[in-house]
Amino acid sequence: MKIATFNVNGITARLPTLLRWLEESRPDIACLQELKAPQERFPEAAIREAGYGFAWHGQKSWNGVAILARGADPVERRRVLPGDPEDLHSRYIEATVGDIVVGCLYLPNGNPAPGPKFDYKLRWFDRLSARAAELVAREEPVVLAGDYNVIPEARDAEFPAAWEGDALFRPQTREAFRALKWLGFSDAYLEADGAPGAYTFWDYQAGAFQRDDGIRIDHLALSPEAADRLRGAAVLRYTRSWEKPSDHVPVAVDLDLG
DNA sequence: ATGTCTCGATCCTCGAGA
């Protein structure tokens, strides 16, 4: 079973690219982030035509997350991360697909740091960890996939010094990411491959992709029961060279599940 | 720091966010 995560940076502008990727890569489950469209503007017909059922949580202008399943309808469990009724950003959706629990997340960027946006990022991270602790206690295969906006280690950036002090690389951010690890979740790419240079994001500006000025910030965290079944992982760098690319590329993992 | 992109309001361009 191939499970992938892809920050599309606008599902309306990215629809042709998304459809091409679904057709060529045929993930069984696709977690999408940064859809930037209100709930009623999801391209339902095109996604169904491509062979996918879906659950999605939209928002005007910003955020927005979706879980797609090939030949199946994901069973939505929740569309809000618990712990803050005043947080109205659509950054989390959770569903089951067969026997697997999938959480699709778009963690706040958090810049400028320090500041209120960084505080929000850390609070959001705490809420994610609390939810992750609940999920891991069930001893089921769980995948928490998405744009974490976290550079876990210096090796996950081509120019780590340029990210010193940035919300994506601050010690507190990296510590919060490690908290998921201490709960029992593993970084699928690291476990299955781990080769350096597997960046998932390059800024559109200043020729960042041409200089390979990238960072690895899109991750799939696996519960122990999912990690037991991990067979491989891949970062689909080539999609960054397509027409009208997202600034992120998909990351896919292969799990030996049903 | 910025050589870009997307969205939305409103408008034929700009600000915000990333």
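Proteins come first, then strands; the chains are lettered A, B, ... in the order of their sequence lines, and each starts at number 1. The analysis underlying the following values was restricted to heavy atoms, covering all of them including side chains, and did not include hydrogens, waters or symmetry mates.
For the pair A:Trp163 CH2 and B:dT2 P, the interatomic distance rounds to 15 Å; values are reported in whole Å. One interatomic measurement links the two molecules: NZ of A:Lys244 to P of B:dC5, which rounds to 9 Å at whole-angstrom precision. Spacing between atom CD of A:Gln59 and atom C1' of B:dC7 amounts to 12 Å, rounded to whole angstrom units.
Only the C1' atoms considered, B:dA1 is 25 Å distant from B:dT13, to the nearest whole Å. Comparing B:dT10 with B:dT4, their P atoms sit 27 Å apart, to the nearest whole Å. Straight-line distance between the P atoms of B:dG15 and B:dG3: roughly 16 Å, to the nearest whole Å.
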Produce a footprint string for nucleotides 13-18 of chain B: one letter per nucleotide, 5' end first; B if the base is under 4.0 Å from any protein heavy atom, S if only the sugar-phosphate is, - if neither.
---BSS

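Residues passing the side-chain contact (heavy atoms from CB on, under 4.5 Å) test with A:Leu190 are A:Arg155, A:Asp187, A:Arg216, sequence neighbours excluded.
Of the residues in residues 208-218 of chain A, none has a non-hydrogen atom less than 4.0 angstrom from any atom of DNA chain B.
Side-chain contact check for A:His89 versus A:Trp62: every heavy-atom pair is 4.5 Å or farther apart. When side chains are defined from C-beta on, A:Arg20 does not count as touching A:Thr17, because their heavy atoms never get closer than 4.5 Å.
Residue A:Thr12 is in sugar-phosphate contact alone, with no base atom involved, counting any heavy-atom pair closer than 4.0 Å across all strands shown. The residue A:Ala206 sits close to a base: some heavy atom pair falls under 4.0 Å.
Among residue pairs with one or both ends in residues 159-183 of chain A, those qualifying as side-chain hydrogen bond (donor to acceptor under 3.5 Å, both in side chains) are A:Asn111-A:Asp166, A:Glu153-A:Arg174; sequence neighbours excluded. Here side-chain hydrogen bond (donor to acceptor under 3.5 Å, both in side chains) pairs that include residues 226-235 of chain A, with residues two or more places apart or in two chains, are A:Arg231-A:Asp256.
Residue-environment remark: CD (A:Glu49) stays at or below the threshold of 12 foreign heavy atoms within 6.0 Å. No more than 12 heavy atoms of other residues, nucleotides or ligands shown are found within 6.0 angstrom of CD on A:Glu23. Counting heavy-atom neighbours within 6.0 Å of A:Arg41 CZ, excluding the residue itself, gives a total of 12 or less.
Taking a 4.5 Å side-chain heavy-atom cut-off between Ile, Leu, Val, Met, Phe, Trp and Tyr, the cluster of A:Leu180 extends to A:Leu81, A:Tyr92, A:Val101, A:Leu105, A:Leu107, A:Tyr120, A:Trp124, A:Phe125, A:Leu128, A:Leu135, A:Val136, A:Val142, A:Leu144, A:Tyr148, A:Val150, A:Phe177, A:Leu183, A:Phe185.
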